[in-house]
Amino acid sequence: MAVLVAIPARYASSRYPGKPLVPLTGASGLARTLIERSWRAAQAVDGVDRVVVATDDDRIREACEGFGAEVVMTSSDCANGTERCAEAHATLGGKYDIIVNLQGDAPLTPHWFIEDLIAGLRAAPDAGVATPVLRCDGAALNGFLADRKDGRVGGTTAVFAADKSALYFSKEVVPFTSETYADDAETPVFHHVGVYAYRPDALASYGAWPTGPLERLEGLEQLRFMENGRKVLCVEVEARDRQFWELNNPEDVPRLETMMKQMGFE
């Protein structure tokens, strides 16, 4: 099965304009942009046939071509990364069996998250979409709760059924728990990892559906599949002692840089 990884990237983010071109300094003192670090994460994944950056912005295109990435230009009308991936896949001829959306704000995504995601979708013929979830330890959960207390939109959480089909995704911390957890304790909350794998028919259908009320309220693109009755498979992945965080706000830059230094990212 041919696999395409598309990294959607836009400059005009409402929360953080220019985010893909923000420099992140690693353990060696070398600064690389967020989009380059995300592209490097995609390059480390086994079993991928092609990696492209999908953007509508010439500044991002020029930066990506400067470090050797293949770029597919897409419309500025794309409402989210899924629509941008759908357009990129169509531009490339629509010939891939699995399309992975590695969002350009997740440079710490380990390669096995994506490898396990692809394997999970292959093994679930009734699912058109799959996405990884990572059980939070106390440190991650407490970070989420601190973000919400301070009025910041941080990571997304997921709840799912016994068969791993998604029940809901939210920028609030769900499910609610009144317990407190030590930093190294296991918690009942799952962090949604911002990566998706689609079958081509599900991806092609997405743009024809209107934005539903839940997607509009939460600002979470995957809810459009659920609001239209399509199964979203949650694939549980393991951190293997790796730290994981997305860049959602300017305040996340020092957090990510600290994590990269601790893990030896150049």
Side-chain angles (χ1 to χ4, degrees), residues 4-45 48 50-76 78-85 87-89 91-92 99-114 132 143 147 152-156 191-196 219 221 242-266:
L4 170 72
V5 174
I7 306 172
R10 65 188 181 114
Y11 193 92
S13 168
S14 58
R15 278 191 285 159
Y16 197 170
K19 183 170 69 169
L21 302 183
V22 169
L24 296 172
T25 301
S28 67
L30 180 64
R32 291 191 172 105
T33 61
L34 174 64
I35 189 63
E36 180 176 357
R37 291 191 178 278
S38 298
W39 177 79
R40 286 176 176 270
Q43 293 292 320
V45 180
V48 169
R50 193 173 187 178
V51 176
V52 301
V53 175
T55 187
D56 62 351
D57 190 276
D58 285 332
R59 291 162 291 189
I60 294 174
R61 176 187 58 77
E62 290 172 6
C64 290
E65 290 176 347
F67 58 75
E70 180 182 1
V71 178
V72 177
M73 296 303 291
T74 54
S75 168
S76 59
C78 294
N80 55 44
T82 298
E83 289 189 9
R84 202 170 299 283
C85 287
E87 185 176 329
H89 183 235
T91 298
L92 294 172
I99 305 94
V100 175
N101 172 353
L102 174 60
Q103 298 193 60
D105 58 5
L108 302 187
T109 305
H111 63 87
W112 61 86
F113 280 20
I114 304 173
D147 279 343
R152 292 189 298 271
V153 177
T156 297
H191 183 183
H192 171 237
V193 180
V195 185
Y196 304 95
E221 62 204 87
R242 275 276 292 272
Q243 300 179 76
F244 175 79
W245 201 265
E246 300 111 346
L247 201 163
N248 296 296
N249 305 287
E251 296 87 349
D252 292 322
V253 170
R255 179 184 287 177
L256 276 168
E257 290 181 330
T258 296
M259 290 179 174
M260 288 193 300
K261 291 168 184 175
Q262 290 172 344
M263 294 186 290
F265 279 52
E266 292 186 358

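The chain is numbered in sequence order, starting from 1. Side-chain atoms are counted along with the backbone in the values below, which use heavy atoms only and exclude waters and symmetry mates.
- A salt bridge links R50 with E70; the closest basic N to acidic carboxylate O contact falls under 4.0 Å.
- The side-chain heavy atoms of R10 and D56, taken from C-beta on, include a pair separated by under 4.5 Å.
- In this structure, CG on N101 lies 3.5 Å from SG on C85, to the nearest 0.5 angstrom.
- Between the side chain of R84 and the main chain of S75, a donor-acceptor pair closer than 3.5 Å is present.
- Between H192 and E246 the shortest side-chain heavy-atom distance does not fall below 4.5 Å.
- If you take CD on E257 and CG on L247, they are separated by 9.0 Å, rounding to the nearest 0.5 Å.
- Interatomic distance, L24 CG to I35 CD1, rounded to the nearest 0.5 Å: 11.5 Å.
- Between atom CG of residue L21 and atom CZ of residue R59 there is a gap of 7.5 Å, rounded to the nearest 0.5 Å.
- We find the CZ-CG distance between R152 and N249 to be 7.0 Å, quoted to the nearest 0.5 Å.
- In this structure, the side chains of T55 and M73 come closer than 4.5 Å at one or more pairs of heavy atoms.
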Kindly indicate, with the supporting measurements, whether the criterion side-chain contact (heavy atoms from CB on, under 4.5 Å) is fulfilled by V72 and E87.
CA-CA 9 Å; V72 177; E87 185 176 329; over 6 Å; no

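- A donor and an acceptor atom, one from each side chain of E221 and T82, are located under 3.5 Å apart.
- Here the side chain of R242 pairs a donor or acceptor atom with the backbone of L108 at under 3.5 angstrom.
- Between M260 and T25, the closest heavy-atom pair is CE-O, 3.5 Å.
- For the pair L102/V51, no side-chain contact is recorded, criterion being any heavy-atom separation below 4.5 Å from C-beta on.
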side-chain contact (heavy atoms from CB on, under 4.5 Å), that's the test. Do T74 and T91 meet it? Break it down for me.
CA-CA 9 Å; T74 54; T91 298; 5.6 Å; no

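- Looking at every heavy atom in both residues, N248 comes nearest to K19 through CA-NZ, 4.3 Å.
- A cation-pi arrangement is absent between R37 and F265, since the terminal nitrogen or guanidinium carbon is not both under 6.0 Å from the aromatic centre and inside a 45° cone about the axis.
- Across every non-hydrogen atom of A9 and P20, the tightest pair is CB-CG, 4.2 Å.
- The pair E251-R255 fails the salt-bridge criterion, with no side-chain N (NZ, NE, NH1 or NH2) lying under 4.0 Å from an Asp/Glu carboxylate O.
- Ion pair E36/R40 flagged as a salt bridge, since at least one NZ, NE, NH1 or NH2 atom sits closer than 4.0 Å to an Asp/Glu carboxylate oxygen.
- Put simply, the side chain of Y16 does not reach to within 4.5 Å of the side chain of L34, judged on heavy atoms.
- Remark: D105 CG to I7 CD1 distance equals 11.0 Å, nearest 0.5 Å.
- Side-chain contact between V5 and V45: absent, with no pair of heavy atoms (C-beta onward) separated by less than 4.5 Å.
- In terms of heavy atoms, A31 sits closest to P23 at CB-CB, 4.2 Å.
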